[in-house]
Amino acid sequence: VTANAASSSERADTATRSRGALFHAPPPRPIVAASILSADFARLGDEVRSVLADGADAIHVDVMDGHFVPNLSMGPAVCAAVRRAAPQAFIDVHLMVEAPSRFLAPFRESGADHCTFHREIAEDHRALARRCHELGMTAGIAVNPETPVESVRELLDAVDLVLVMSVHPGYSGQAFIPEVLEKARWVRREAAGRVRIEIDGGVSPANASQCVGAGVDVVVSASALFGARDRTAVVAALRG
Ligand code: DX5
Ligand code: ZN
């Protein structure tokens, strides 16, 4: 009994490590993170399993508090439901909230592998990144379209990922802002492979290769992916 318990906990540990490793090193090909904001919430488990079967590498969970952005979306209970539906999936949580410090542990307990918080909030970003790491997650810092990317320079050694917003956060289905690609190029120059570069908002097969060409290695998609008839083809196209 003891031996079995040990080996099953080792297996669980290996699974956690390999999920957790997704943002640790430059990926061999661009990572596609499916944002469930455009999924059919009434069939969330099926949507998550089907988009993963169609090739998505991660599930992106958009959390909105009605203060940092003018909308409400989902909380830890939805993250836990995603985890139950897809025990092996990498869960990338995007915290569009004013006080992420309150939610890091609840999301970790709900199965999150990674949390991204925003540069624009007033909390101590370095402490937030440290807390993510203590909890066993990777950490990301996001910049809104109007925020200069140079404002994350001092944090590049503290985080695993920089998220470049290519729409004003709050809603899926908005138009891509191409000017933000210069920010991805800046991160690539400054951090050269040491952090992942994620782009989020309005990404589609029409602009994915521009994103990847600018150094993006994690592509988020909600409407282009969940709205597609052939999601496998869209996942492939999103890799640029
Ligand atoms: C926007 C969210 C995005 C959004 C992307 O506030 O952070 O993740 O769901 O949706 P699309 O891909 O439809 O622009
Ligand atoms: Zn997002």
Side-chain angles (χ1 to χ4, degrees), residues 22-23 30-41 44 47-48 51 54 56-76 78-79 82 89-98 100 103 107 112-121 137-147 159-181 183-184 196-212 216-229 231 234-235 237-240:
L22 196 63
F23 291 162
I31 290 167
V32 173
S35 161
I36 56 171
L37 199 56
S38 290
D40 178 352
F41 293 168
L44 187 57
E47 290 274 70
V48 163
V51 82
D54 288 341
D57 305 292
I59 299 297
H60 182 91
V61 175
D62 283 308
V63 180
M64 304 180 186
D65 66 353
H67 294 276
F68 182 73
V69 288
N71 197 7
L72 291 167
S73 60
M74 52 192 96
V78 173
C79 184
V82 171
F90 185 91
I91 301 182
D92 162 23
V93 173
H94 179 190
L95 295 168
M96 289 164 276
V97 306
E98 280 181 357
F103 300 107
F107 274 102
D113 297 298
H114 170 92
C115 280
T116 292
F117 40 84
H118 270 257
R119 178 65 185 86
E120 297 83 9
I121 54 134
M137 299 186 286
T138 46
I141 184 107
V143 283
N144 280 342
E146 66 278 8
T147 302
V159 296
D160 306 281
L161 176 147
V162 175
L163 170 51
V164 174
M165 288 302 305
S166 40
V167 297
H168 297 280
Y171 303 91
S172 58
Q174 303 181 76
F176 184 75
I177 302 172
E179 289 76 17
V180 304
L181 288 175
K183 297 182 183 181
R196 305 287 68 73
I197 306 173
E198 184 174 38
I199 195 144
D200 185 9
V203 183
S204 73
N207 53 39
S209 34
Q210 268 178 281
C211 298
V212 171
V216 166
D217 44 26
V218 186
V219 170
V220 177
S221 174
S223 53
L225 185 49
F226 282 98
R229 196 181 291 269
R231 292 180 183 168
V234 172
V235 169
L238 287 171
R239 299 192 204 279

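Values in this document were obtained by computation on a predicted structure and should not be read as measured data. Side chains are part of it too, since the values below use all heavy atoms of this structure and drop only hydrogens, waters and symmetry mates. Indexing begins at 1, ligand by ligand and atom by atom, following the structure's order.
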Does the distance from a Lys or Arg side-chain N to an Asp or Glu carboxylate O, for D57 and R239, drop under 4.0 Å? yes
Distance filter < 2.8 Å from the Zn ion (ligand 2), protein N/O/S hits 4
With side chains defined as the heavy atoms from C-beta onward, is the minimum distance between P30 and L238 less than 4.5 Å? no
Under 3.5 Å side-chain donor-acceptor pair for D200 and H94: yes
Flag the pair M96 / F117 as yes when at least one side-chain heavy-atom distance between them is below 4.5 Å, and no otherwise. no
In D65, V63, T116, the residue satisfying side chain to side chain contact (heavy atoms under 4.5 Å, CB included) with L95 is V63
Show the protein residues that qualify under the rule heavy atom under 4.0 Å from an atom of ligand 1, listing them in chain and number order. S35, L37, H60, D62, M64, H94, M96, M165, P169, G170, Y171, S172, G173, D200, G201, G202, V220, S221, A222, S223
Check: F23 main-chain N/O paired with R196 side-chain donor or acceptor under 3.5 Å: yes
Would you say the side chains of S172 and S38 form a donor-acceptor pair under 3.5 Å? yes
Report yes if some heavy atom in the side chain of L225 is under 4.5 Å from a heavy atom in the side chain of V51; otherwise report no. yes
Taking atom types as modelled, find out whether D62 and H60 have a side-chain donor-acceptor pair closer than 3.5 angstrom. yes
